[in-house]
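Keep in mind that this is a model prediction, so the values were computed, not measured.
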Amino acid sequence: MLTDDERDAVATICLMAAVADGHKDARERDRLRSIYASLYADFEPERYERVLLGQVAPEAEAARLGSAGARMLAYEMAVAVCDADGRADAAEQAFLDRLGAALGLDGATTAQVDADAGALASGAVEVGTTDAAPLVPATLASAEAVPEAVAPSEPPAAVAEPPEAEVDALVLRYAVTCAALELLPQTVATVAVVPLQTKMVYRIGLRHGHRLDATQAKELLATVGLGLTSQVVETYARDLVGGLLGGVAKKALGKKKGKKARKAARAAAGAAYAFAATYALGRVAEAYYAGGRRLDAGALRAQFDRHAEAGRALYETHRPAVEARAQATDLPAILAQLRA
């Protein structure tokens, strides 16, 4: 279990990773500020600004992490944040190299984490039914994948609009799969959530005759408030906040049971968030593309908030399917296939 000081250091490292590329737009920066503020009752805007301005050194934060587990967790989270919007660019990789050295991690260890996150950032796990069917890899270069670019002269695909029940089933499959990823013990599993959500948006648009590229699909996520980087940061922030509740669980259940309860509670919170966000995104995408892309940003965000509330309620109904999917998922095997 992280101490409060270690929790603060990991949170700061995650924020440093989020702004390492220097290209975050105003929406992402505002969301990151909100997430960072949610971690602290005595939030100091000046500290947040110092991180944004590069005035906080990774070496100083690394020195606050006393255990090998805390240092490894910090690096894994940083890599996942950097890869949230695609493979880490040169600036992000430079930050990760510096962070790995500051944490005292050997090159082989950091290279393995980098490779795993990179594979998930450039690919996605396939979604099947909502039962416990094993997940298999499907790269974004596949027939159902989101193309990086589409020739302007290429006409939209003529796809008949499916019955509402078919769209519901599609959205549900993606929501279950994204939630299941959050229950896996591997920190980098979170990296696969955004590619899956992007692929879902692409598939829904295609059903209504709109052939998108990756940028267009991701823009819808940003419009409804699901920033690519901030979404990963928020997932980890929930984990870190959950750590603050550890003392209560420990007193109530004892040390061993308390640790298991804390871990389960944090995983469930992340899974519920991923389920609700993915479900809401799918419902918004369906309304947006079925309506000829006429909704403005305000209407999209209002719809997203409403569907997210419904998604949070639906999670309890579908939690057995989420847990079954997580148990059936062999992430190391998926990573090996994606790298191959």
Tested for side-chain contact (heavy atoms from CB on, under 4.5 Å) against L220, the lone hit among I204, T198, L300 is L300

Audit row: F275, H318, side-chain contact (heavy atoms from CB on, under 4.5 Å) steps and yes/no
CA-CA 9 Å; F275 182 95; H318 295 285; 3.9 Å; yes

Closest non-hydrogen contact found for A17 with C82 is O-SG, 3.7 Å

Looking only at heavy atoms, the pair that brings A62 and A102 closest together is CB-O, 3.6 Å

Can you tell me if T109 uses its side chain to pair, donor with acceptor, with the backbone of L105 under 3.5 Å?
no

Of all heavy-atom pairs linking A276 and G311, the shortest is CB-C, 3.9 Å

So CG of L314 and NE2 of H307: to nearest 0.5 Å the spacing works out to 11.0 Å

- Query: Just wondering, do Y236 and V10 contact through their side chains at under 4.5 Å, heavy atoms?
  - Reply: no

In this structure, CZ of F304 is separated from CG of L281 (nearest 0.5 Å) by 6.5 Å

Determine all donor-acceptor pairs shorter than 3.5 Å in which one atom belongs to a side chain in residues 48-57; sequence neighbours excluded.
| residue | atom | partner | partner atom | Å |
| --- | --- | --- | --- | --- |
| Y48 | OH | R29 | O | 2.8 |
| Y48 | OH | R33 | N | 3.4 |

Separation between OH (Y288) and OG1 (T223), nearest 0.5 Å, reads 7.5 Å

Could you list the donor-acceptor pairs under 3.5 angstrom formed by side chains in residues 225-232, with sequence neighbours left out?
| residue | atom | partner | partner atom | Å |
| --- | --- | --- | --- | --- |
| S230 | OG | E28 | OE1 | 2.6 |
| Q231 | OE1 | Q197 | NE2 | 3.0 |
| Q231 | NE2 | Q197 | OE1 | 3.0 |

Residues 293-304 vs side-chain hydrogen bond (donor to acceptor under 3.5 Å, both in side chains), sequence neighbours excluded, gives none

- Query: Would you call E286 and R207 a salt bridge, taking side-chain N to carboxylate O under 4.0 Å as the test?
  - Reply: no

Residue pairs passing the salt bridge (Lys or Arg N to Asp or Glu O under 4.0 Å) test with at least one member in residues 63-72, sequence neighbours excluded, are D5-R64, D8-R64, E61-R64

Could you go step by step and tell me if M77 and I13 meet the side-chain contact (heavy atoms from CB on, under 4.5 Å) rule?
CA-CA 8 Å; M77 285 187 172; I13 288 171; over 6 Å; no

Working for side-chain contact (heavy atoms from CB on, under 4.5 Å), residues L15 and V233
CA-CA 8 Å; L15 180 58; V233 173; 6.0 Å; no

**Request:** Dump the intermediate steps for side chain to side chain donor-acceptor pair (under 3.5 Å) on R203 and Y174, then the final yes or no.
**Result:** CA-CA 11 Å; R203 290 184 63 181; Y174 276 92; 3.2 Å; yes

| query | Going through the distances and angles, do Q216 and H210 end up as a side chain to side chain donor-acceptor pair (under 3.5 Å)? | reply | CA-CA 11 Å; Q216 291 170 319; H210 301 286; over 6 Å; no

Salt bridge (Lys or Arg N to Asp or Glu O under 4.0 Å) pairs touching residues 94-121, sequence neighbours excluded, are E59-R98, D116-R339

field: N/O donor-acceptor pair under 3.5 Å between E323 side chain and P320 backbone
entry: no

If we only count heavy atoms from C-beta on, is the L172 to Y279 side-chain gap below 4.5 Å? no

Nearest heavy-atom approach of R47 to Y36 is NE-OH, 3.4 Å

Taking every heavy atom of Y75 against every heavy atom of L96, the minimum-distance pair comes out as CE1-O, 3.4 Å

Open item on the list: Could you check whether any side-chain heavy atom of M16 comes within less than 4.5 Å of a side-chain heavy atom of F95, counting everything from C-beta outward?
Closed with: yes

In short, A20 meets A91 closest at the heavy-atom pair O-CB, 3.6 Å

Is the side chain of T110 donor-acceptor paired with the backbone N or O of G107 at a distance under 3.5 Å, no angle test? yes

I'd like to check S67 versus E6 (side-chain heavy atoms, cut-off strictly below 4.5 Å). Are they in contact? yes

Ignoring hydrogens and angles, tell me if any N or O in the side chain of D21 forms a donor-acceptor pair with the backbone of E92 under 3.5 Å. no

Separation between CG (L183) and OG1 (T329), nearest 0.5 Å, reads 9.5 Å

Would you be so kind as to tabulate the donor-acceptor pairs closer than 3.5 Å made by side chains of residues 186-195, with sequence neighbours excluded?
| residue | atom | partner | partner atom | Å |
| --- | --- | --- | --- | --- |
| T187 | OG1 | E76 | OE1 | 3.1 |
| T190 | OG1 | E182 | OE1 | 3.1 |

Item to complete: Carefully, step by step, assess L65 and L73 under the rule side-chain contact (heavy atoms from CB on, under 4.5 Å).
Response: CA-CA 10 Å; L65 301 175; L73 176 65; over 6 Å; no

| Where the side chain of D83 meets the backbone of A121, is there a donor-acceptor pair that is under 3.5 Å apart? | no

Quick test of your reading of the model: are R312 and E309 salt-bridged, counting only N-O distances below 4.0 Å? yes

